[in-house]
Amino acid sequence: MKILTVIGARPQFIKAAVLSRAFKEHRQDVEEIIVHTGQHYDANMSNVFFDELDIPNPAHNLGVGGGSHGENTGRMLEKLEALFLIEEPDWVLVYGDTDSTLAAALAASKLHVPVAHVEAGLRSFNRRMPEEINRVLTDHMATLLFAPTETARVNLLREGIAAEKIHVLGDVMYDAALFYKARASEPAWFAGSGITQDQFVLCTVHRAENTNDPARMEGILNGLSASNLPVVLPLHPRTRGKLSQAGLAIPGNVTVVDPVGYLEMVWLEAHCKLIATDSGGVQKEAYFHRKPCVTLRDETEWIELVECRVNTLVGTNANAIEASILNASLPADFDEWLYGDGNSGMKIALAIL
Ligand code: UDP
């Protein structure tokens with residue numbers, strides 16, 4: 001079986017690493033060809049993940065990145081269609097909710113190539129998010145939908161997707177967190193930073209709804225500042241650009257670093273006091289590493305984390321952020337099993353095979 005995996009953005013490299021490892025164990029049955037759309041192209045947003053996570057080098061790099069959503073999706077669509085016609089895959093495998101996911105699913109389904117979607121069924125119910133549009137459309141084109149949770153399955157059923165297409169086999173990000181924990185590495189700058197382990201807030205911000213809105217970004221920065229705790233902020237290139245455009249200054253208690261590789265991110269997650277983020281993946285990683293999470297958004301796709309009180313949805317009001325950071329704690333009845341048993345990658349690989 002020939003599987004063409006299409007990835008392009010940081011969280012997809014991490015998820016694809018899990019399945020690639022599973023496919024390697026079945027190499028007699030499956031040939032996986034990796035296509036990188038080029039959506040994320042900075043070395044610290046792309047190459048570092050291929051190097052440290054042992055993902056096979058992409059057989060094709062489409063070099064599409066840096067444009068608007070429509071521009072990127074259109075250029076990817078054209079290039080992916082041409083590539084699928086040459087490669088003639090049995091399956092196209094896509095992850096998550098980026099423009100690369102949507103373009104690959106659309107190109108494949110028009111050519112009648114079945115699509116498998118890992119991380120299907122997530123919904124924020126906010127159609128202003130580009131990710132929401134991408135995931136809804138991809139789910140409706142997919143033949144096999146791998147939903148990480150029962151909540152995701154219910155979301156798909158409510159939209160009329162046939163039950164037999166949906167498989168709830170857990171979350172590959174939990175597999176990744178377990179597998180790479182032993183290889184976590186302390187960032188070289190940490191020891192000289194004056195920041196103490198287990199005493200700092202780890203923060204990431206990259207969602208367009210925040211970065212494109214100076215008032216929301218200001219609220220986040222003021223909330224972090226008011227908490228008065230040391231904050232480590234690995235800054236996404238988009239956020240860096242938007243902050244300087246808006247003329248927003250970084251508060252004195254916030255240490256800004258370039259985006260870190262996954263192994264360093266895992267170390268920071270395991271050694272922080274709590275996490276403040278607008279990332280989807282990082283909300284779950286907080287839970288995997290047993291850290292309270294303050295979510296800098298108005299809604300979340302990972303609603304079960306809020307329901308079991310490990311995640312507080314605070315939005316971007318400075319006072320609310322300050323209060324949530326200062327009051328954050330984990331409930332005593334911590335439920336460990338929301339996202340499967342750590343073998344989702346192999347289960348999904350076998351389901352496709
Ligand atoms: N991540 C990383 N380095 C960073 C920030 C995040 O390796 O500097 C990882 C993080 O551990 C998680 C993934 O990137 O596995 C999340 O990606 P992102 O927040 O960009 O996307 P989202 O999950 O919101 O789609």
Item to check | In one Ile/Leu/Val/Met/Phe/Trp/Tyr side-chain cluster, 4.5 Å: L178, L305 | outcome: yes

Item to check | Shortest non-hydrogen separation from G280 to R207 and the atoms involved | outcome: N-NH1, 3.5 Å

Checklist entry - Would a distance-only check, ignoring hydrogens and angles, find a side-chain to backbone donor-acceptor pair under 3.5 Å from Q12 to G8? => result yes

Next on the checklist: Let me check something: do L248 and V231 share a hydrophobic cluster, defined by ILVMFWY side-chain heavy atoms less than 4.5 Å apart, either directly or through other members?
Outcome noted: yes

Checklist entry - Would you say the side chain of T204 lies within less than 4.5 Å of the side chain of H236, judging by non-hydrogen atoms? => result no

Checklist outcome for this item: Scanning both residues in full, the closest heavy-atom pair of G315 with D298 reads CA-OD1, 3.4 Å

Next on the checklist: Consider side-chain contact (heavy atoms from CB on, under 4.5 Å). Of E301, E131, E132, which one does L122 pass it with?
Outcome noted: E301

Next on the checklist: Nearest 0.5 angstrom please: T295 OG1 to D278 CG, how far?
Outcome noted: 9.0 Å

Checklist entry - Hey, does the side chain of D213 reach the backbone of E209 with a donor-acceptor pair shorter than 3.5 angstrom? => result no

Checklist entry - If you look at every heavy atom in A107 and L77, which pair is closest and at what distance? => result N-CD1, 3.6 Å

Next on the checklist: Would you say that L243 contacts L221 through its side chain, given a criterion of any heavy-atom pair below 4.5 Å between the two side chains?
Outcome noted: yes

Checklist entry - Is it the case that E32 and T5 place a side-chain donor and acceptor less than 3.5 Å from each other? => result yes

Next on the checklist: Less than 6.0 angstrom separating the ring centers of H36 and F50, yes or no?
Outcome noted: yes

Checklist entry - Is the ring centre of H117 less than 6.0 Å from the ring centre of H140? => result no

Checklist entry - Just wondering, do V115 and V94 contact through their side chains at under 4.5 Å, heavy atoms? => result yes

Checklist entry - Taking the side chain from D42 and the backbone from N44, do they hold a donor-acceptor pair closer than 3.5 Å? => result no

Checklist entry - Does one hydrophobic cluster hold both L202 and V294, with members joined at side-chain heavy-atom distances below 4.5 Å? => result no

Checklist entry - Can you get from Y41 to I34 by hopping between Ile, Leu, Val, Met, Phe, Trp and Tyr side chains that sit under 4.5 Å apart? => result no

Checklist entry - Judged by atom type as modelled, is there a donor-acceptor pair below 3.5 Å linking the side chain of T101 to the main-chain atoms of Y95? => result yes

Checklist entry - Side chains of K15 and L19: does their closest heavy-atom pair fall under 4.5 Å? => result no

Next on the checklist: If hydrophobic clusters are built by linking Ile, Leu, Val, Met, Phe, Trp and Tyr wherever their side-chain heavy atoms come under 4.5 Å apart, do F23 and L4 end up in the same one?
Outcome noted: no

Next on the checklist: Checking Y180 against E52: is there a side-chain donor and acceptor pair closer than 3.5 Å?
Outcome noted: no

Checklist outcome for this item: Value for CD1 (I161) from CG (N155), rounded to nearest 0.5 Å, stands at 10.0 Å

Item to check | R297 side chain vs E299 backbone, donor-acceptor pair below 3.5 Å | outcome: yes

Next on the checklist: When you compare the side chain of P234 with that of D258, does any pair of heavy atoms fall below 4.5 Å?
Outcome noted: no

Item to check | K273, NZ atom: more than 12 neighbouring heavy atoms under 6.0 Å | outcome: no

Item to check | Pairwise side-chain contact, H206 with L235, heavy-atom cut-off 4.5 Å (strictly under) | outcome: no

Item to check | Under 3.5 Å: donor-acceptor pair, side chain of K291, backbone of A270 | outcome: yes

Checklist entry - Taking NZ, NE, NH1 and NH2 as the nitrogens, is one of them in E150 or R153 under 4.0 Å from a carboxylate oxygen of the other? => result yes

Item to check | Ring-face cation of R10 near F49 (centre distance under 6.0 Å, axis angle within 45°) | outcome: no

Item to check | F190 and W267 aromatic centres sub-6.0 Å | outcome: yes

Next on the checklist: If you take the centroid of each ring, where Trp contributes its six-membered ring, are Y262 and F13 closer together than 6.0 Å?
Outcome noted: no

Checklist entry - If only atom types and distance count, is the side chain of D171 paired as donor or acceptor with the main-chain N or O of P148 below 3.5 Å? => result no

Checklist entry - Can any side-chain N or O of D175 pair as donor or acceptor with the backbone N or O of S344 at less than 3.5 Å? => result yes

Item to check | Candidate list I275, N311, L338, test side-chain contact (heavy atoms from CB on, under 4.5 Å), partner Y287, passing option | outcome: L338

Item to check | Test item: Y174 and F179 side chains (from C-beta on) under 4.5 Å apart, heavy atoms | outcome: no

Checklist outcome for this item: Minimal heavy-atom distance between R216 and N210, with the atoms involved, is NE-OD1, 2.8 Å

Checklist entry - Could you state the interatomic distance from NE2 (H271) to CD (Q197), rounded to the nearest 0.5 Å? => result 4.5 Å

Checklist entry - Is a side-chain donor or acceptor of S109 paired with a backbone partner of H112 at a separation under 3.5 angstrom? => result no

Checklist outcome for this item: Here the gap from N61 atom CG to T37 atom OG1, rounded to the nearest 0.5 Å, amounts to 7.5 Å

Item to check | Main-chain N/O of A17 paired with D54 side-chain donor or acceptor, under 3.5 Å | outcome: no

Item to check | Min side-chain heavy-atom separation R290-L330 under 4.5 Å | outcome: yes

